[in-house]
*Asks:* 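One structure, as structure tokens, below. Some questions next.
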Amino acid sequence: MPTPTPLKFASPLIDEPTVAAVADVLRSGQITSGPWLERFERDLSAFCGGRHVRVVTSATAAIEIALQVAGIGPGDEVITCAQSFFTVSNMIVKVGATPVFVDCDLVTRNIDLGEVERKIGPRTRAIIPTHWPGSLGDLDRLYALARQRGVRVIEDAALVIGSRYRGQNVGAIGDIVTFSFHPNKNITSIEGGALVLDSAAETKRVDALRFHGIERLPDGTRDVAFPGGKFNLPDVNARLGVEQLARLPEFLARRRALVGRYFEQWDATPACVLPPRPVDGDGQSWNMFSILLPLDSLARTRKEFRDALMAQGIATGVSYEALHLSTLGRRFGYHRGDLPNTERIADSTVTLPLHAALTGADVDRVCAACAEILAAQQR
Ligand SMILES: Cc1ncc(COP(=O)(O)O)c(C=O)c1O
């Protein structure tokens with residue numbers, strides 16, 4: 001029997017005209033940050049309702065800079081969802097603040113706002129929710145709470161560029177919003193990330209924080225008053241980002257169609273927890289399709305399930321481990337049992353292949369393989 005084509009769980013889609021456009025930048029000699037970075041920022045700003053946008057080398061850099069811009073450091077607490085990527089807790093700790101982890105909804109994975117409200121204290125300076133593909137949670141309630149308690153919001157929108165909330169793109173409203181352009185995301189600049197902000201003064205501060213802390217003086221010399229990092233995105237990457245952003249509507253439509261196919265083809269026995277079912281016109285972007293395995297009724301482990309898929313050429317991911325149970329998280333006094341939904345997701349989640357280069361037949365193949373393996377692994 002011929003070996004089936006390997007299916008990646010995430011992959012960028014880059015066409016030949018884009019490769020040629022990037023090659024032109026390489027040939028031009030102007031390869032680091034310059035006009036294409038400015039163009040990428042202008043295009044993203046138009047996408048985000050005209051707000052200020054600064055592009056950096058990753059969403060990790062964007063979140064670190066956002067925390068610094070908000071003046072967050074030692075002695076401060078930042079509330080965040082423990083069902084997210086390591087970036088979030090890493091950057092909170094890196095700026096010297098204390099992460100306060102809260103739980104999330106089992107299906108939508110949105111941060112539990114009731115728990116956020118209970119955990120806001122005198123040292124809380126910010127809330128970082130991670131937005132999940134398929135559902136954005138109640139941003140009205142989040143911002144009402146933040147305003148009432150005088151705390152900043154840094155929206156980790158790494159997974160959801162293109163999701164809409166009350167008719168507007170994520171990023172067009174809110175406080176500081178960050179995006180990722182890693183190759184696994186909905187659009188890519190190889191590595192890359194962005195911050196969206198309202199304040200011109202804070203945007204100027206981002207300019208310094210992403211480039212050595214340098215301020216240009218009227219006499220043509222430069223000064224540094226605080227140590228900035230080196231997070232400027234090169235033009236080669238920005239050129240790719242510009243092309244990818246232009247194709248975002250096409251990528252989103254493709255991802256939505258594939259998610260629709262997952263729901264059509266998924267065999268519900270034995271019962272896995274699926275992401276929230278899309279509603280026509282709900283405007284959600286889909287970066288991942290992550291299920292929860294019914295581990296209690298399976299005779300095998302998640303690793304065995306994933307290995308069985310891999311044996312059929314189907315790659316999967318784990319998104320995400322529980323941040324409060326990482327060695328770093330436990331340093332802040334957290335234990336197993338503290339955040340039950342986060343832990344159940346971390347223990348049983350599997351991210352199935354989803355990207356714009358997949359076909360409907362690929363999804364059918366994944367669904368059939370999952371059904372067969374799950375049936376064979378039933379207790
Ligand atoms: C939810 C989330 N936030 C932030 C990041 C960090 O993105 P980057 O790789 O661009 O630093 C990731 C990366 O996978 C992520 O999944």
Side-chain angles (χ1 to χ4, degrees), residues 8-12 40 44 53-68 78 80-95 99 101-102 104-105 108-111 126-137 153-163 170-171 174 176-196 209-210 229-234 237-238 240-241 244-245 255 275 284-290 315-324 326 328-329 342 345-346 349-351 354-355:
K8 295 179 180 164
F9 82 93
S11 181
F40 191 23
L44 281 165
V53 171
R54 288 297 181 265
V55 167
V56 289
T57 44
S58 66
T60 303
I63 291 174
E64 180 177 357
I65 291 173
L67 287 160
Q68 290 172 321
V78 178
T80 195
C81 187
Q83 183 44 238
S84 184
F85 186 57
F86 297 114
T87 285
V88 179
S89 44
N90 281 355
M91 293 306 108
I92 295 169
V93 176
K94 195 170 173 207
V95 300
F101 294 112
V102 300
C104 64
D105 183 87
T108 65
R109 307 188 181 193
N110 293 140
I111 194 165
I127 306 165
I128 308 186
T130 289
H131 295 321
W132 277 84
S135 161
L136 280 176
V153 175
I154 299 169
E155 293 179 43
D156 171 14
L159 305 175
V160 296
I161 191 162
S163 278
V170 166
I176 302 180
V177 181
T178 60
F179 293 116
S180 170
F181 309 126
H182 178 274
N184 286 357
K185 303 302 186 284
N186 292 351
I187 60 169
T188 188
S189 56
I190 307 178
E191 298 289 349
L195 300 93
V196 191
L209 283 164
R210 75 172 166 179
K230 179 71 164 62
F231 300 122
N232 56 300
L233 192 83
N237 302 66
L240 175 56
Q244 289 269 299
L245 182 60
R255 285 172 177 275
Q284 296 304 311
S285 79
W286 284 91
N287 180 252
M288 293 194 281
F289 192 83
S290 299
T316 58
V318 171
S319 314
Y320 296 102
E321 295 81 358
L323 295 181
H324 67 298
S326 67
L328 181 68
T342 295
I345 295 167
T349 192
V350 176
T351 300
L354 179 64
H355 53 84

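Remember, it's 1-based here, ligands and their atoms both numbered in the order they're listed. Keep in mind the model is a prediction, meaning the values are calculated, not measured.
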*Asks:* Heavy-atom distance under 4.5 Å between the side chains of Tyr320 and Val88, does that happen here?
*Replies:* no
*Asks:* What's the spacing between Ile161 CD1 and His131 NE2 if we round to 0.5 Å?
*Replies:* 12.5 Å
*Asks:* Mind checking the CZ-CG spacing from Phe85 to Leu323? Nearest 0.5 Å is all I need.
*Replies:* 9.5 Å
*Asks:* Could you list each nitrogen or oxygen of ligand 1 that sits under 3.5 Å from a protein nitrogen or oxygen, with the atom names and the distance?
*Replies:*
| from | atom 1 | to | atom 2 | distance (Å) |
| --- | --- | --- | --- | --- |
| ligand 1 | 3 (N) | Asp156 | OD1 | 3.1 |
| ligand 1 | 3 (N) | Asp156 | OD2 | 2.9 |
| ligand 1 | 7 (O) | Ser180 | OG | 3.4 |
| ligand 1 | 10 (O) | Ala59 | N | 2.9 |
| ligand 1 | 10 (O) | Ser180 | OG | 2.7 |
| ligand 1 | 11 (O) | Ala59 | N | 3.3 |
| ligand 1 | 11 (O) | Thr60 | N | 2.9 |
| ligand 1 | 11 (O) | Thr60 | OG1 | 2.5 |
| ligand 1 | 14 (O) | Lys185 | NZ | 2.8 |
| ligand 1 | 16 (O) | Tyr320 | OH | 2.5 |

*Asks:* Using side chain to side chain contact (heavy atoms under 4.5 Å, CB included) as the criterion, list what pairs up with Gln68, not counting sequence neighbours.
*Replies:* Glu64, Ile65, Val95, Leu209
*Asks:* Within the 3.5 Å criterion, strictly below it, is a donor on Ser319 or Thr351 matched to an acceptor on the partner's side chain?
*Replies:* yes
*Asks:* Indicate whether the side chain of Asp156 and that of Thr130 have a donor and an acceptor atom separated by less than 3.5 Å.
*Replies:* yes
